[in-house]
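Residue numbering restarts at 1 for every chain, and letters A, B, ... go by the order of the sequence lines. No hydrogens, no waters, no symmetry mates; every other heavy atom, side chains included, goes into these values.
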2 protein chains.
Amino acid sequence: MFSQSEENYLKAIFHLTTAEKNGISTNAIAEKLATKPSSVTDMIRKLSDKKVVSYKKYYGVALTNSGRKIAAYIVRKHRLWEVFLVDKLDFSWDEVHDVAEQLEHIQSPKLIQQLDQFLGYPTQDPHGDPIPDKDGNLKTIEKCLLSTLAKNDSGIFVGVDDSSSDFLQFLDRRRITLGKQIKVIEKEDFDESMLIEINSQKMTISKKIANNLYIQKS
Amino acid sequence: MFSQSEENYLKAIFHLTTAEKNGISTNAIAEKLATKPSSVTDMIRKLSDKKVVSYKKYYGVALTNSGRKIAAYIVRKHRLWEVFLVDKLDFSWDEVHDVAEQLEHIQSPKLIQQLDQFLGYPTQDPHGDPIPDKDGNLKTIEKCLLSTLAKNDSGIFVGVDDSSSDFLQFLDRRRITLGKQIKVIEKEDFDESMLIEINSQKMTISKKIANNLYIQKS
DNA sequence: ATAAATATTTAGATTAGTCTAAAAAATGAT
DNA sequence: ATCATTTTTTAGACTAATCTAAATATTTAT
C-alpha cells in the first residue's frame, strides 16, 4: 500500500518520463510537486526501498515495471474521475483537475471497475488525454503540436498540453473545443503567430497558444 | 480547514451525541475510532483551540455550533456517496461503508452540490439513515426498535442500528429489505426471540436481530 | 583543466498524529 | 469516608513527511 504522498511522487515521475529521458532529475520532480529537492531525495530513497523506482545517486530516477503499473493506475483513476465530473456532474473541463487530484487516491478496485462501466468505458479524458487500461497500457494517438503544422495543413484538435484553468477558459471563449477541424491559413515568420480557420471562421493565434494545442493531422 | 483525522474525530463525536448525553467521554471516542484515550485527549485539545468542540478536563467533550455543522456536512457527504454507490454503481448496501469513509473527506462544495442534484436530492442513505441537508439539519423520522414492539404490532422496516457487513448480508439472505411491512406474531419470553411475518411468510428472529431493526409503527 | 555555477545529498530540525507508561482525578463499593 | 477501580491526562518517544542550511558531486564555461 502506498501513501497519498508516495502516489503523488510516482505519478509525477510517470508524467515526467518520456521516450527520450531515462533518468528523471531530483529538481524536476521537486518542481512538479512544488516541494524541495531534499524532500525528493528522501522520498525517492523510500520508493527505491519499496522497489517501485530504480535510483542511483546523482543520476536520477526511473520507474520499475511495478512502479509504472501503479502510476498508470493512479492516472487511470484521475482521468476516469474527470470524465465522471464532466459527463455526469456538469463540471466544465477547466474545473475538474483539483477534485480529480483528490479522488484519484481513493482505494477501491471495485469502485473504479464500476465507474468505468458506468461511464461506458471511455478511452480519453475531457482534455483529450488517453485513459490507461486496467493493465496500465496507454494507447497514444498520433498527434502533433499545432505550431508544427505548415501553411495549408489541417487536422482535428485532439488535446491540450497546458491544462491550466486560464488556458482552458480561453479556449472556451474562442469556441475551440475538442474534435473541431482546424486549418492553418497563414504563418507569420516574425512572431510565429498563425491565422487559422475553425468553425468556418478565421482567427489569429499566438505562438504560445499554438504550442499548447495538439492536432491529429488529416 | 480540517485534516482527515480531525474530521473523523468530529464525526465520531457527532455520532456519539444523543439528546440525553451532554459530555462525550474520552474513552467512548477512543473506542469508536479504535485509538487510545491519550490520543483523544491530544486531539480534543486541538479541536477545542479551533473552537469546534467545548471541552472541560475530565468532563468530556461536546460539539459547538460550528463543530456540529462541520460534522453534519461530513455525514451528509458520506451518505450521499453511499447513495451514489448503490444507485449508480450497483454496490450492495453492505459494501459501501469503507469507500464512503474515504470519499467523505473529498473537499469540493461543488462536487457535493452536483452529486446531490445528480442523485435527485435523496433524503436517506441505503441503510435508511437520514441525509443532513446543506445547513446540517437532520430530519429524523419516528422509529423504534423491533424489539420494543408488542405482539400483533406492525410497521415498516426503515433502518438498521448495526450496519456491519455480516448483519446486512444476513438480512439480504432473509429477504428483509428496507420498506417491507413486518408484523409481530409472537414474542417468546424465555429468550426474547420473536416470530414475525414479512413477505407473507413467518420467520423467527433472535433478540439480537430484533435489537438492530428500526420500525416505523403503523 | 580548472573555476564557477548548478544540482544533489546529508544533517539536523519541525509538525501532525500516534503510542506506552506513569501520574492524577473521578467514581464506586464497602 | 476511605480505599480500590476506572477514567483521564501528562510526559516522553516514535514515524512520516516535510523543511533549511551546509556539504558534496556534477556540469558548464572559459
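C:dT8 atom P lies 18 Å from atom CE of A:Met43, rounded to whole Å. For the pair B:Leu47 CG and C:dA16 P, the computed distance is 13 Å after rounding to whole Å. Nucleotide C:dA16 holds its C1' atom 17 Å from the CE atom of B:Met1, rounded to whole Å. Here the P atom of nucleotide C:dC19 and the CG atom of B:Leu33 are 10 Å apart, to the nearest Å. Distance A:Ile29 CD1 to C:dT8 C1': 12 Å, rounded to the nearest Å. For A:Asn8 and D:dA16, the CG to C1' distance is 14 Å, given to the nearest whole Å. Between the CD atom of A:Glu6 and the P atom of D:dT15 there is a distance of 16 Å, given to the nearest Å.
Contacts classified as ring-ring contact (aromatic ring centres under 6.0 Å, His included) and involving residues 32-75 of chain A (residues at least two apart or in different chains) are not found. The salt bridge (charged side-chain N to carboxylate O under 4.0 Å, His left out) analysis of residues 131-142 of chain B, with sequence neighbours excluded, yields no pairs.
In this structure B:Lys151 satisfies the salt bridge (Lys or Arg N to Asp or Glu O under 4.0 Å) test together with B:Glu186, sequence neighbours excluded. For the side-chain hydrogen bond (donor to acceptor under 3.5 Å, both in side chains) test, residues two or more places apart in sequence or in another chain that qualify with A:Lys11 are A:Glu101, A:Glu104.
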Pick out the pairs of N or O atoms, protein on one side and nucleotides 6-11 of chain D on the other, that lie under 3.5 Å.
residue : atom : partner : partner atom : Å
D:dT8   : OP2  : B:Asn27 : N            : 2.8
D:dT8   : OP2  : B:Asn27 : OD1          : 3.2
D:dT9   : OP1  : B:Tyr55 : OH           : 2.3
D:dT9   : OP1  : B:Tyr58 : N            : 3.0
D:dT9   : OP2  : B:Thr26 : OG1          : 2.9
D:dT9   : OP2  : B:Thr41 : OG1          : 2.8
D:dT10  : OP1  : B:Lys57 : NZ           : 2.4
D:dT10  : OP2  : B:Arg45 : NH1          : 2.7
D:dT10  : OP2  : B:Arg45 : NH2          : 2.3

List, one per line, each side-chain donor-acceptor pair under 3.5 Å for residues 209-216 of chain B, sequence neighbours excluded.
residue  : atom : partner  : partner atom : Å
B:Asn211 : OD1  : B:Ser147 : OG           : 2.8
B:Asn212 : OD1  : B:Asp162 : N            : 3.4
B:Asn212 : ND2  : B:Lys208 : O            : 3.2
B:Tyr214 : OH   : B:Asp161 : OD1          : 3.1

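Of the charged side-chain nitrogens involved, at least one lies within less than 4.0 Å of a carboxylate oxygen, so that A:Lys110 and B:Glu95 count as a salt-bridged pair.
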